[in-house]
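Read through the structure below, which is laid out as structure tokens, and then see the notes.
By convention in this document, chain letters (A, B, ...) are assigned in the order of the sequence lines, proteins followed by strands, and residues within each chain are numbered from 1.
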There are 2 protein chains.
Amino acid sequence: MKSEHIPKATIARLATYIQVLSEFKREGTDVVSSERLAEACSVNSSQIRKDLAYFGEFGVRGVGYYVQDLITSIKRSLGIDRAWNCGLVGVGNLGRALLRHREFSRKGFIIRGAFDCDPYKIGEIVEGMEIVCSRQLPAKVKELSLEIGIITTPPERAQRAANYLVGAGIKGIINFAPSRISVPSHILLEYVDFFHHFYAAAFHIRFAEHQE
Amino acid sequence: MKSEHIPKATIARLATYIQVLSEFKREGTDVVSSERLAEACSVNSSQIRKDLAYFGEFGVRGVGYYVQDLITSIKRSLGIDRAWNCGLVGVGNLGRALLRHREFSRKGFIIRGAFDCDPYKIGEIVEGMEIVCSRQLPAKVKELSLEIGIITTPPERAQRAANYLVGAGIKGIINFAPSRISVPSHILLEYVDFFHHFYAAAFHIRFAEHQE
DNA sequence: CTGTGAATGTGAATTTTTTAACATAGGTTC
DNA sequence: GAACCTATGTTAAAAAATTCACATTCACAG
């Protein structure tokens, strides 16, 4: 099939597939059917086949999918078959947590630079990385080939951080700050806000109570 | 309108609306039209009106929405007009970061208990909270009226953490661990995985390059 | 107190996403 | 090497979400 526009939901599910497939691999399962994978991911099996069809044909008819091959194929499809250099702007509580989070490098997103505009923080070493002044972003983005910017500033400084990053030639921004920002259309922008999961929880729990 | 089934996407957008409305409020804006709110949130204005219609009528025809009133209404609709007691299981890197994250209590999700099964961690004080053995969950859930469980264990221990929480009578679980878990159908379950935002970034950036 | 303007709330149309159904093709057996 | 079995890839149908379009209703002016 190999289509142009891929739903956001598909990308999110592919992440789940990789997760579950990795578990299968660890368990020693070599081949898996869309049916079995679907069950483990709590989705419909044609959903899986559809999602994969956006990128190509990865299975063997009558057999299923070779677990390792499928992991590799999905990773290649997503563009995570190589490392991505990231820069983090805003070394507060959340920023520090992300800098310490092992999963980043494990998943191929290498945080190579940490930036802040607070003179008390500049020069400090966090996780073996020196905090650098945000004004040095243009130089550092080039020097370290940073492609993705991670914003973990307070909300009121998120836009400025974005401006710095865009000016420095970054390609994409992941905004963890609880505020909307605007960037030129050629810059990829993603908002991370896990509180909506908590809101959903609150809503559904209260709704269930109300039903009783 | 006041409908039964509310799309997950609607909940996520309501979170955005609250965020943007709060900014409007801070700026001193009292009244806002769906058009203006939509622009600030990068969505369609009927989307906003539709989303709100699931819960009731909050606007004034010919005028718009009173910012403060709308914030209050959305919060009440979501069930976040009161505090929710949470317990966190798994005090590793991520767990500690969440315990330190001020935003939780600010948003009304109060982490009242921290649990771990590692004897070296038990008794340690993090952010003024003593880490308690996971086996004490049943007692603590009752004592502290915990309703939401946050799982931040390594993936291989997430299911056991979930079992403890369910056994202790928790109502909902937010799973930050990168693994699928199964719980009885009456327990609300949400997965948090911000890496899919990074995957989406990687994918779109590479796709854009490929286009050139 | 009636007319006007403006923006909501909603039903209908459109688009998108998901699910179902099945023809197709790879592997396996005889 | 032909027949059968199985699970994919894909097309068609169904469901869901989004957007459009407008009738409705409120505030305000004359």
Side-chain angles (χ1 to χ4, degrees), chain A residues 1-17 20-21 24 29-74 77 196 200 203, chain B residues 1-17 20-21 24 29-74 77 196 200 203:
Chain A
M1 205 194 195
K2 285 246 181 185
S3 179
E4 353 49 66
H5 173 248
I6 280 124
K8 196 152 267 222
T10 292
I11 304 280
R13 278 192 300 265
L14 288 174
T16 306
Y17 302 161
V20 171
L21 285 167
F24 277 135
T29 310
D30 288 332
V31 183
V32 74
S33 68
S34 60
E35 197 66 55
R36 232 159 76 62
L37 181 57
E39 202 197 325
C41 301
S42 322
V43 300
N44 185 293
S45 69
S46 5
Q47 182 80 83
I48 292 188
R49 298 199 296 276
K50 210 18 123 19
D51 284 339
L52 296 177
Y54 283 118
F55 299 96
E57 303 191 6
F58 306 126
V60 181
R61 296 187 189 205
V63 176
Y65 301 90
Y66 291 100
V67 173
Q68 179 55 66
D69 285 2
L70 188 52
I71 294 174
T72 307
S73 300
I74 295 178
S77 301
H196 73 253
F203 171 64
Chain B
M1 206 195 196
K2 286 246 183 188
S3 180
E4 355 47 69
H5 173 246
I6 281 123
K8 194 151 270 220
T10 292
I11 304 279
R13 278 192 300 266
L14 288 173
T16 306
Y17 302 160
V20 172
L21 286 166
F24 278 135
T29 310
D30 287 334
V31 183
V32 75
S33 68
S34 59
E35 198 64 55
R36 233 159 75 62
L37 181 57
E39 202 197 324
C41 301
S42 324
V43 299
N44 186 292
S45 68
S46 11
Q47 182 80 83
I48 292 188
R49 299 199 295 277
K50 251 280 146 65
D51 284 340
L52 296 175
Y54 282 118
F55 298 97
E57 304 192 6
F58 305 126
V60 183
R61 294 183 189 209
V63 177
Y65 301 90
Y66 292 100
V67 173
Q68 179 55 67
D69 285 3
L70 188 52
I71 293 175
T72 308
S73 299
I74 295 177
S77 300
H196 72 253
F203 171 65

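Here Ser33(A) lies in heavy-atom contact (under 4.0 Å) with sugar-phosphate atoms only. Using a 4.0 Å heavy-atom distance criterion, Arg36(B) is classed as making no nucleic acid contact. In this structure, Ser34(B) reaches the sugar-phosphate backbone alone: every heavy-atom distance under 4.0 Å involves primed, P, OP1 or OP2 atoms, never a base. Residue contacts shown for Thr10(B) are absent, as no nucleic acid heavy atom lies under 4.0 Å away.
Look at CZ on Arg49(A): it is 10 Å from C1' on dA21(C), rounded to the nearest Å. Between the CG atom of Leu52(A) and the C1' atom of dT10(D) there is a distance of 13 Å, given to the nearest Å. One can place CD of Glu35(B) at 16 Å from P of dC22(D), the figure rounded to the nearest angstrom. Rounded to an integer number of Å, the gap from Gln47(A) CD to dT16(C) P is 16 Å. Put simply, NZ on Lys8(A) is 16 Å from C1' on dA17(D), counting in whole angstrom units. Between Ile6(B) atom CD1 and dA17(D) atom P there is a gap of 11 Å when expressed in whole angstrom units. Rounding to whole angstrom units, OH of residue Tyr54(B) and C1' of dA17(D) are separated by 7 Å. Note: CZ (Phe58(B)) to P (dT25(D)) measures 18 Å, nearest angstrom.
Separation of atoms CZ (Arg49(A)) and CD (Glu35(A)) is listed at 7.5 Å; rounding is to 0.5 Å. Note that CG of Leu14(B) is 11.5 Å distant from NE2 of His196(A), once rounded to the nearest 0.5 Å. Here OG of Ser42(A) is found 12.5 Å from CD of Gln47(A). Values are rounded to the nearest 0.5 Å. Here the straight-line distance linking atom CD1 of Ile48(A) with atom CG of Leu52(A) works out to 7.0 Å at 0.5 Å rounding.
Of the candidate nucleotides dT19(D), dA20(C), dA17(D), dA17(D) has the atom nearest to the side chain of His5(B). Taking the side chain of Val60(A) as heavy atoms from C-beta on, and the options dT19(D), dA17(D), dG27(C), the nearest nucleotide is dG27(C). Comparing dT10(C), dT19(C), dG9(D) by their nearest atom to the side chain of Tyr65(A) picks out dG9(D).
Using a 4.5 Å heavy-atom cutoff, the side chains of Phe203(B) and Ile6(A) are in contact.
Between the side chain of Lys50(A) and the base of dT17(C), no donor-acceptor pair under 3.5 Å is found. The base of dG9(D) does not come close enough to the side chain of Arg61(A) for any donor and acceptor atom to sit less than 3.5 Å apart.
In terms of position along DNA chain C, the nucleotide closest to Ala9(A) lies nearer the 5' end than the nucleotide closest to the other residue of the pair Val63(A) and Ala9(A). If you find the closest nucleotide of DNA chain D to Gly59(A) and to Gly62(A), the one lying nearer the 5' end belongs to Gly62(A).
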